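Since the model is a prediction, treat every value here as computed from it, not as a measurement. Note on naming: letters A, B, ... go to the chains in the order of the sequence lines (proteins, then strands), and numbering restarts at 1 for each one.
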Number of protein chains: 2
Amino acid sequence: MGCVTATTRVRLSPEERRSQLLDLGVRLLATRSLDELSIDVLAEEAGISRGLLYHYFGNKHVFHEAVVRRAADDLIAQTAPPASGEPLERLLTSVTAYVDYVVTNYEGYLSLVKGAAGGNDTLREIYDEARSALTDRVFREDAQGTIITDTPAARLVVRGWAAMTEELVITWRADPSGVSREELLEIIAASLPALVGVIPG
Amino acid sequence: MGCVTATTRVRLSPEERRSQLLDLGVRLLATRSLDELSIDVLAEEAGISRGLLYHYFGNKHVFHEAVVRRAADDLIAQTAPPASGEPLERLLTSVTAYVDYVVTNYEGYLSLVKGAAGGNDTLREIYDEARSALTDRVFREDAQGTIITDTPAARLVVRGWAAMTEELVITWRADPSGVSREELLEIIAASLPALVGVIPG
DNA sequence: CATTCTATTGACACCGATTCAATAAGGGCA
DNA sequence: TGCCCTTATTGAATCGGTGTCAATAGAATG
């Protein structure tokens, strides 16, 4: 049954409260879509008044942005590439972590993607950052040199590859029949060089 | 200045009225996003009462679905492939029409995509139909035979290719610098065979 | 234990979605 | 031509969720 509805008000430090609300927000994304995540629902679940949410986040949009940002940070952290190793191998490790992240956090990830895709520019920008964290490194040059030459066409293609990867993972997770996890990873990994090969010029 | 605000109520046949409201809805998508397309706004623009919208479409969701369906039908009609010709050439013609459609109807198309992506299952399904209209033919076998063998992995890859194509076109249209329309078309067209090549098995 | 700072509340104003009984356009019939 | 009758259309009332703000009460400090 859990606790009874709050009797005495509890006073937390702003950092703790803010963090609690954001965590709860991200957790609730597994159950509802972003715009079903109303102020009412969150206040109810958190056991606080609606007014408190408006105290910490000026309005619903700001709150949504903060939640999406936290979810994106989760994703970025979980798919961080290893510090060392072959550039292509590091990318593969990252992609594998991404696939596994989506598989385990499917519902929440879906809400994140849909919310960002359907939302305002700010939301899309936040999600773009997460994508870039995954893909930008193919342009970053290190001791071994750059993997892909940085041209407008190459940027475009890599961005397209990221969109394709997202679609592949989401679709596969919804119905994995006929394709194994390893085959999926192979498709994604092999796609990037295959696509780079079609860049004109 | 246009006409003054309606003085006498005009009575249309249900078909005419319904059609008028849907057309207006699609047209307004070039200016606002789907969820900024409120009942108030539409009624105002159409010069009718809010109640009438509820008479024709039970609620806002249903109205939005109908608008998206009409916009998707537009897209499908405009990108219909020629009846005859080489399968691959027919696909290229379709893709070219798709690119040109997005270029000219950019704002409205963005609203369509965002609305479908961020919306409920019904909305996504409608948009999926439009995508399928563009891509399914690569599996259809005709006199020349099938272009791509129909397997779960192939279905997945073609779906990914469609998502990539959408991302490429939208991104390119937002900032075409550095890549010409012909190069874009070349990238998209060459991508499909390149991706089919990475299918395992 | 009193004081003070500020995290937290609850009541209220407001806007858009939704309902429904009342209204009137306009085609058909005498 | 003028009445009638169907039904397209309206407008007022309701409801649920957002956003505002002065009032309330933890808890740390002296």
Set of residues satisfying salt bridge (Lys or Arg N to Asp or Glu O under 4.0 Å) with respect to [X], sequence neighbours excluded:
X: Asp73(B); value: none
X: Arg50(A); value: Asp40(A)
X: Arg17(A); value: none
X: Arg32(A); value: Glu45(A)

Indicate the atoms forming the closest heavy-atom contact of [X] with [Y], along with that distance.
X: Val67(A); Y: Gly25(A); value: CG1-C, 3.9 Å
X: Leu34(A); Y: Gly115(A); value: CD2-CA, 3.9 Å
X: Ala71(A); Y: Leu112(A); value: CB-CD1, 4.0 Å

[X] has a side chain; which of [options] sits nearest to it?
X: Asn59(A); options: dT18(C), dG10(C), dG19(D); result: dG19(D)
X: Lys60(A); options: dA8(D), dT9(D), dT18(D); result: dT18(D)
X: Tyr54(A); options: dA8(D), dG11(D), dT20(D); result: dT20(D)

Going by atom type alone, with no hydrogens or angles, which donor-acceptor pairs under 3.5 Å involve a side-chain atom of residues 169-178 of chain A and a protein atom two or more places apart or on another chain?
residue, atom, partner, partner atom, Å
Thr171(A), OG1, Glu167(A), O, 2.8
Thr171(A), OG1, Glu167(A), OE2, 3.3
Thr171(A), OG1, Arg159(B), NE, 3.0
Trp172(A), NE1, Val179(A), O, 2.7
Arg173(A), NH1, Val103(A), O, 2.3
Asp175(A), OD1, Ser177(A), N, 3.3
Asp175(A), OD1, Ser177(A), OG, 2.9

From CG (Leu192(A)) to CG (Leu91(A)), nearest 0.5 Å: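 Here the interatomic distance stands at 6.5 Å.
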Measuring from Arg18(A):CZ to Leu52(A):CG, what's the distance to the nearest 0.5 Å?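 Result: 12.0 Å between the selected atoms.
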Listed once per pair and sorted, the ring pair (Phe, Tyr, Trp, His ring centres under 6.0 Å) pairs that draw on residues 63-85 of chain B, sequence neighbours left out: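 Listed once each, the pairs are Phe57(B)-Phe63(B).
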Separation of [N] [atom2] from [X] [atom1] (nearest whole Å):
X: Phe57(B); N: dT18(C); atom1: CZ; atom2: C1'; result: 16 Å
X: Glu15(A); N: dT6(C); atom1: CD; atom2: P; result: 13 Å
X: Ile48(B); N: dA25(C); atom1: CD1; atom2: C1'; result: 16 Å
X: Leu53(A); N: dA7(C); atom1: CG; atom2: C1'; result: 13 Å
X: Leu21(A); N: dT9(C); atom1: CG; atom2: P; result: 10 Å

Is it true that atom CD of Glu44(A) has more than 12 heavy atoms of other residues, nucleotides or ligands lying nearer than 6.0 Å?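 Not buried by this count: 12 neighbours or fewer within 6.0 Å.
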Under 3.5 Å between N/O atoms: give me all the protein pairs with nucleotides 24-28 of chain D, atom names plus distance.
residue, atom, partner, partner atom, Å
dT24(D), O2, Arg9(A), NH1, 3.0
dA25(D), O4', Arg9(A), NH1, 3.4
dG26(D), N2, Arg11(A), NH1, 2.9
dG26(D), N2, Arg11(A), NH2, 2.9
dG26(D), N3, Arg11(A), NH1, 2.8

Between dT9(D) and His55(B), is there an OP1 or OP2 to side-chain N/O distance shorter than 4.0 Å?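 Checking His55(B) against dT9(D): no side-chain N or O falls below 4.0 Å of OP1 or OP2.
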Once you apply a heavy-atom cut-off of 4.0 Å, does Tyr56(B) come out as touching a base, just sugar-phosphate, or nothing?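 The answer is sugar-phosphate, as Tyr56(B) gets under 4.0 Å only of primed atoms, P, OP1 or OP2.
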Tell me, please, which residues at least two apart from Tyr109(B) pass side-chain hydrogen bond (donor to acceptor under 3.5 Å, both in side chains).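 Tyr109(B): side-chain hydrogen bond (donor to acceptor under 3.5 Å, both in side chains) contacts with Tyr98(B), Tyr127(B).
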Heavy-atom contacts under 4.0 Å between residues 114-123 of chain B and DNA chain D, which residues?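 Those residues whose heavy atoms fall under 4.0 Å from DNA chain D, taken from residues 114-123 of chain B, amount to none.
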So which protein N/O to nucleotides 12-14 of chain D N/O distances come out below 3.5 Å?
none

Contact list please: residues 26-43 of chain B against DNA chain C, heavy atoms, distance less than 4.0 Å, in numerical order.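 Heavy-atom contacts with DNA chain C come from Ser38(B), Ile39(B), Asp40(B).
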Who are the ring pair (Phe, Tyr, Trp, His ring centres under 6.0 Å) partners of Tyr54(A), not counting sequence neighbours?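 Ring pair (Phe, Tyr, Trp, His ring centres under 6.0 Å) list for Tyr54(A), sorted by chain: empty.
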